[in-house]
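Hydrogens, waters and symmetry mates are skipped; everything else that's a heavy atom, side chains included, is used. Indexing begins at 1, ligand by ligand and atom by atom, following the structure's order. Index from 1, following the sequence.
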Amino acid sequence: MESAMQYIGGAFEPGFGQRTGPVYNPATGDVAYQLHYADRATLDRLCEIAGPAGREWGNQSHARRIQVIFKMRELVIRDTEILAELIGRENGKTLDDAKGEIGRGLEALEFAAAEPHVTKGEFTRNVGGNIDMFSFRQPVGIVACISPFNFPVMVPLAMTAMAVATGNAVILKPSERVPGAAAHLSKLWAEAGLPAGVWNVVNGDAEIVDAILEHPAIAAISFVGSTRVGEYVYQKGTSHNKRVASFTGGKNHMIVLPDADLDQAASAFVSAGFGAAGQRCMAISVCVVVGEETADKLRERIVAQTAKLRVGPYDMKGADYGPVVTAAAQKTVNDAIERAVTEGGELVVDGRDLQVEGHEAGFFCGPSLVDRVTMDMQLWQEEIFGPVRAIMRAQDLDEAIAIVNAHEYGNGAAIFTRSGYASQRFANEVEAGMLGVNVPIPIPVGYHNFGGLRRSKFGEAHMFGPDAARFYTKMKTVSHRWPEPESVDEGLSMSFPSNS
Ligand code: NAD
């Protein structure tokens with residue numbers, strides 16, 4: 001397969017860098033191709049092109065910019081099959097799941113079309129002394145978006161749609177494990193009429209990310225990925241005076257109360273826990289069940305549902321989920337199961353020995369379920385990005401909420417109950433940014449703000465929603481006065497101006 005390349009100033013090129021890295025097909029375990037990594041000199045040259053291209057783009061009318069966004073939306077819809085195939089081949093998720101993420105990416109483009117509305121300014125007539133005051137927003141300049149492997153289309157679109165719409169030049173640094181979809185998005189932006197140099201892509205790993213974090217021409221950085229890297233990106237980026245929004249890891253709990261519909265709760269847990277092989281930042285990884293009897297009944301249903309799951313390559317008809325992304329990820333999952341057992345967990349479903357016929361070297365993990373997990377176990381403490389899920393048992397709602405709030409992450413959380421009182425308490429007291437009541441994956445739609453709390457997000461901005469427009473623009477406030485042509489000079493005024 002052809003290597004994805006850097007996309008700079010409207011053209012694909014290998015860049016000056018000498019380093020390469022493997023891109024795998026996770027379903028077969030084969031190296032699909034070696035990806036060329038960009039180096040600092042390539043980034044320097046890119047910024048020299050992106051700076052003026054972005055300024056010109058930012059000076060275009062809002063209507064002109066939005067026309068490109070509309071066209072891009074049409075093209076992503078037109079090429080859904082191509083994009084889904086690229087996602088499946090490099091990330092491993094099923095074609096249906098890939099189409100689902102493309103649909104969520106479209107929401108970002110749809111909301112970006114509201115850019116003129118969400119960025120329009122404020123005006124006050126006569127704040128004092130016949131001075132009128134107004135505020136307006138301008139693009140920040142060049143923004144860099146660093147994305148993870150698990151959403152090769154949705155996250156790049158979520159990060160860049162509003163950045164483009166607000167008139168910035170964009171540099172996307174996709175995950176080096178899934179660069180193919182980003183390359184196709186580059187072609188689509190060009191076809192949509194985005195001027196050359198406004199959208200650019202550099203490939204690579206930590207080395208190019210460091211170059212981005214230090215580059216003086218880059219004004220803002222949007223990062224999505226693990227907490228370990230996202231915290232580093234936030235600290236280093238802000239120490240280089242950039243605005244940074246880092247959306248990071250999660251450990252999403254689902255509380256189930258005795259009054260919940262247990263069939264619904266079991267289906268929700270299995271879908272949200274094992275979908276995409278558990279490789280979603282909003283995947284449910286822990287079920288906290290209130291009451292022993294409820295836990296036993298729910299577990300029985302979860303085990304029955306889990307037994308029906310079909311695991312296979314991305315293009316297998318009827319596959320529920322595909323492989324994990326690398327052999328290292330597969331090992332992490334298997335090690336976590338081993339350790340959970342050593343630490344006292346009850347392994348109820350063991351997916352470690354799964355063999356997918358014809359794909360024996362693929363990075364597959366069957367679904368695994370560990371019951372009686374406790375807070376001193378690694379399986380609760382760490383985000384395990386794969387299909388191993390935990391059941392914890394709590395005595396009452398207080399204890400369940402305490403477990404959720406004791407975790408370092410606060411991306412999402414859900415509760416399954418018929419009690420309004422319990423769900424109100426849950427929303428009030430749980431320290432997570434995205435909450436679901438009888439909704440297991442409560443990802444906000446494109447016109448609401450997306451983001452976690454605690455160590456699931458660094459920085460005040462949100463992805464999606466009006467906050468994205470604020471993040472990618474800077475505000476200026478102008479005081480203006482137009483004295484009568486023949487007015488008399490009032491002389492010096494040395495005291496601090498008062499408007500009363
Ligand atoms: P990752 O942190 O390994 O990689 C993310 C990006 O950072 C990639 O582009 C990668 O090249 C770069 N990177 C990796 N190591 C680096 C280093 N040492 N220095 C600088 N840059 C580095 O994350 P991943 O494995 O690709 O994605 C999975 C993680 O992303 C999970 O933790 C998941 O929860 C998280 N995630 C969070 C959200 C969210 O919205 N909060 C969404 C999707 C994924």
Side-chain angles (χ1 to χ4, degrees), residues 4 19 21 23-24 26 35 37-38 90-93 101 104-105 108 144-159 171-179 181-182 201-214 221-237 244-252 276-285 324-326 328-330 332-333 363 382-386 407-413 432-434 441-444 449-459 461-465 467-468:
R19 293 177 60 229
V23 175
Y24 290 93
L35 178 69
Y37 288 1
E90 297 184 355
N91 165 288
K93 69 176 66 170
E101 84 155 85
R104 298 309 296 256
C145 301
I146 301 164
S147 60
F149 81 85
N150 65 329
F151 287 110
V153 167
M154 183 190 81
V155 168
L157 285 180
M159 292 199 286
I171 304 170
L172 173 68
K173 205 302 282 174
S175 165
E176 66 277 30
R177 297 176 219 161
V178 294
V201 175
V202 287
N203 291 300
D205 55 8
E207 192 179 294
I208 194 68
V209 171
D210 271 334
I212 288 171
L213 297 175
E214 290 162 12
I221 293 177
S222 179
F223 172 91
V224 179
S226 62
T227 295
R228 179 182 63 83
V229 180
E231 183 171 28
Y232 168 79
V233 164
Y234 181 79
Q235 288 176 351
K236 187 157 182 170
V244 181
S246 258
F247 305 90
T248 57
K251 189 87 185 173
N252 309 303
Q279 298 175 118
R280 293 180 183 140
C281 65
M282 287 290 282
I284 293 288
S285 45
V324 294
V325 70
T326 55
Q330 188 186 34
T332 304
V333 171
F363 310 136
E382 292 179 15
E383 177 186 41
I384 309 293
F385 218 51
H407 205 280
E408 63 172 318
Y409 296 140
N411 213 34
M434 296 171 279
I441 306 193
I443 300 182
N449 294 318
F450 173 109
L453 295 175
R454 296 185 281 160
R455 290 173 62 73
S456 290
K457 179 160 84 67
F458 298 82
H462 288 84
M463 201 162 21
F464 289 158
D467 243 25

Taking distance alone, with N or O pairs closer than 3.5 Å, would you say N150 contacts ligand 1? no

Non-hydrogen side-chain atoms of V324 and T332 separated by less than 4.5 Å: no

Starting from atom 35 (C) of ligand 1, locate the nearest protein heavy atom and write down its residue, its atom name and how far away it is, to 0.1 Å. G225 O, 3.2 Å

My understanding is that we take every heavy atom of each candidate and find the minimum distance to atom 40 (O) of ligand 1. Doing that for F450, F464, F223, Y409, which one comes out nearest? F450

For ligand 1, is there an N or O atom under 3.5 Å from any N or O atom of T227? no

Considering non-hydrogen atoms of the protein only, which is the closest contact for atom 28 (C) of ligand 1, and what is the distance? F385 CE2, 3.6 Å

Plane angle bin for F450 and F247 - parallel if under 30°, tilted between 30 and 60°, otherwise perpendicular: perpendicular

A side-chain contact here means heavy atoms from C-beta on lying under 4.5 Å apart; do M463 and M159 qualify? yes

Does any N or O atom in S456 lie less than 3.5 angstrom from one in ligand 1, N or O only? no

protein heavy-atom neighbour closest to atom 12 (C) of ligand 1 works out as V209 CG2, 4.2 Å

Identity and separation of the nearest protein heavy atom to atom 27 (O) of ligand 1: P148 CB, 3.3 Å

Within 4.0 Å of some non-hydrogen atom of N411, the atoms of ligand 1 are 41 (N)

Heavy-atom pairs closer than 4.0 Å: do any link ligand 1 to the side chain of E383, the backbone, both, or neither? side chain

Identity and separation of the nearest protein heavy atom to atom 10 (C) of ligand 1: E176 OE1, 3.5 Å

V325 vs F385 side-chain heavy atoms within contact, under 4.5 Å: no

Applying a strict 4.0 Å limit to heavy atoms, is S147 in contact with ligand 1? yes

Does ligand 1 come near enough to F149 that some N or O of the ligand is less than 3.5 Å from an N or O of the residue? yes

Protein contact of atom 41 (N) of ligand 1 - nearest heavy atom, named by residue and atom, plus distance: T248 O, 2.6 Å

Per atom 1 (P) of ligand 1, closest listed option by heavy atom (G204, S226, A206): S226

Residue pair F151 / V224, side-chain heavy-atom distance below 4.5 Å: no

H462 versus D467, closest heavy-atom pair with distance: ND1-OD2, 2.7 Å

Between N203 and P174, is there a side-chain heavy-atom distance shorter than 4.5 Å? yes

Here the atoms of ligand 1 under 4.0 Å from any heavy atom belonging to I146 are 6 (C), 7 (O), 9 (O)

Of V224, V229, D205, N252, which has the heavy atom at the shortest distance from atom 5 (C) of ligand 1? V224

Heavy-atom distances under 4.0 Å are what count here, so tell me which part of R280 touches ligand 1: side chain, backbone, both or neither. neither

Is there a side-chain contact between P152 and E101, using heavy atoms and a 4.5 Å cut-off? yes

With a 4.5 Å cut-off on side-chain heavy atoms, are P148 and V155 touching? yes

Kindly indicate whether the side chain of M434, heavy atoms from C-beta on, has any atom under 4.5 Å from the side chain of P444. yes

With atom 36 (N) of ligand 1 as the reference point, say which of C281, G412, S285 has the nearest heavy atom. C281

Going by an N to O cut-off under 4.0 Å, is there a salt bridge joining E214 and K236? yes

Answer with yes or no whether R177 contacts ligand 1, where contact means a heavy atom under 4.0 Å from a ligand atom. yes

Roughly how far, to the nearest 0.5 Å, is OG of S147 from CE of M154? 11.0 Å

